Amino acid sequence: MSLIGGQNTARILTINGGSSSIKFALFEIGEVPRRLLHGQIERIGLPEAFFHVEGEHGFAGPVNAPEHFSAVNLLMDWIAEKGLLKTLTAVGHRVVHGGPTYGESQLITPAMIAQLRQLCLFDPEHLPEEILLTEAVKARFPDLPQVACFDTAFHHTLPRVAQLLPLPRRYELKGVRRYGFHGLSYAYLVEELARCAGEKEALGRLVLAHLGNGASLAAVHKGKSIDTSMSCTPTAGIPMSTRTGDLDPGLVWYLMRTEGLDAKGFNELVTFQSGLLGLSETSSDMRDLLQREADDVRAAEAIAIFCYQVKKWIGGFAAALGGIDTLVFSGGIGENSPPIRSRICEGLNFLGLELDESLNAGNAPIISTKTSLATARVMHTDEERMIATSVCRVLGITTRSEYEKKTAFH
Ligand code: ADP
C-alpha cells in the first residue's frame with residue numbers, strides 16, 4: 001500500500017449514504033487527510049433530485065435519480081468521467097450499524113455483507129441502502145478496496161450496565177441492546193480534542209453533545225465511551241428534529257388500542273412526525289423555531305423541551321462519570337446556536353460549569369469562563385475526515401504527520 005514518506009500519495013473517497021441522499025468527499029493523504037472536494041446527490045427518489053460538488057471539479061445540476069442504485073451509478077459515472085478512478089486508493093463507507101460484531105472499521109468482504117444483511121432489521125431505513133452502495137461500487141470498480149466505518153463502533157466499550165436493556169435476557173441473545181450511534185463524530189471529537197487541547201483533557205471526563213437533525217450525547221472517560229443516549233436504534237435518547245427520543249413504552253399498547261396503530265404506523269410516528277416537528281407543528285429545523293418562538297408558543301415549547309432533555313442527559317452523564325471536565329457542543333445546532341447552548345447550560349453551575357455569554361455568542365472554541373471548573377467547548381465535527389482517517393488505519397496508510405512522528409527518533 002502506498003506510504004507517505006515513500007513515493008505515492010493515497011486518495012480516499014468517502015461515502016455516506018442517507019435515506020434520501022448520498023454524501024461523498026475525496027481526500028488526499030498528506031500531512032493530514034486533505035479534502036479535495038465534497039458533494040452530494042440529494043432528494044433521491046424525487047423529481048427534484050440534485051447533484052452538486054464543491055472544490056475540485058465543482059458542479060451543480062438536476063439529475064434523474066429515482067432510487068439509490070441509479071444515484072450511486074451517477075456518482076460512479078462522474079468519478080470515471082473526471083479521471084478520478086485511476087488515482088483512487090480506496091473507498092470508505094459510513095455504515096450506520098455494526099451490530100455486536102464490528103467494534104472497528106474493517107475491509108468489506110462478502111461475509112461482512114451477509115452479516116450486515118441480518119442487521120437490517122435494526123435499521124431498515126439506512127442499512128439496506130448502505131449495503132447497496134458498497135455493492136454498486138464493487139460492481140463498477142471490483143479491484144478497489146472498500147472499508148466499512150461503523151457509527152456504532154466507538155461505543156463498543158460501553159460497560160454491561162449501560163449496554164444491557166432491562167428486557168428478558170433472550171432479547172440480548174438476539175442482539176437487542178444499547179449500541180449507540182454518531183460514533184464517527186465522537187471518535188473525531190476525542191481525537192481533535194487531544195490535538196487541540198492535549199491528551200490530558202482528552203482523557204478526562206467528557207460529555208460530548210452531537211446536536212444536529214439526529215442528536216445524541218455520549219459520556220466518555222479515558223477516551224472510551226461509557227454511555228450514550230441513543231440505544232439499539234437511533235430513535236432513542238433526546239428529542240430530535242423528527243424523532244421522539246425516549247418515550248413511555250406503555251404508549252405502544254395505548255396507541256394500538258386507541259388508534260389501531262400498527263408497527264409501521266408507530267415507527268412513522270416516532271421517527272418522522274415527532275420531536276421538534278411534532279411539538280411545533282411547523283418545522284423540524286431549529287433555526288425556524290428560534291425565529292418563531294416569540295410569537296408561537298408551540299415553537300417555544302419545542303425548544304424548551306429539547307434544551308431541558310439535553311440538560312437532563314448532561315446531568316445523568318455527570319453522575320455516571322463522577323463529574324465533568326469538558327462539555328463539547330457539536331453538530332449543526334451545537335456548533336451554531338448560542339441561545340440553545342446557553343439554555344442547556346443554565347443552572348449547571350452546580351457541576352462547576354459556567355458559560356461566558358460573550359464567548360458563547362461568538363461561537364468561540366472555548367465558551368466557559370476562565371474560572372469555570374469544567375471547560376465548555378464548541379467543536380466542528382467532521383465524520384468524513386474520520387472515515388478517511390479510519391480507512392488509512394485499516395489499510396496501513398501512514399499520514400505524513402504520523403510518519404514523521406514515527407521516524408522522529410530513528
Ligand atoms: P444533520 O444531522 O442532518 O447532519 P446538521 O448537523 O447540519 O444536521 O444540523 C441541522 C440542524 O442544525 C438544524 O436543526 C438546523 O436548524 C440547525 N442549525 C444550523 N445552523 C443553526 C443556527 N445558526 N442556529 C440554530 N440552529 C442551527
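Since this is a predicted model, take the numbers as computed values, not measurements. As the structure lists them, so they are numbered: ligands from 1, and atoms in each ligand from 1. Numbers here are sequence positions counted from 1.
- Between the side chains of Glu357 and Asn360, a donor-acceptor pair is found at a separation under 3.5 Å.
- His182 and Ser216 are linked by a side-chain donor-acceptor pair at a separation below 3.5 angstrom, with hydrogens and angles left out of the test.
- For Asn363 and Arg341, the side-chain atoms include at least one donor-acceptor pair closer than 3.5 Å.
- For ligand 1, the protein residues within 4.0 angstrom (heavy atoms only) are Gly212, Asn213, Gly214, Asp285, Met286, Arg287, Leu290, Gly331, Gly332, Ile333, Asn336, Ser337.
- Remark: the Arg393 side chain and the Ser105 side chain contain no N/O donor-acceptor pair separated by less than 3.5 Å.
- For Glu354 and Thr369, the side-chain atoms include at least one donor-acceptor pair closer than 3.5 Å.
- With no hydrogens or angles considered, no side-chain donor-acceptor pair links His93 and Glu130 at under 3.5 Å.
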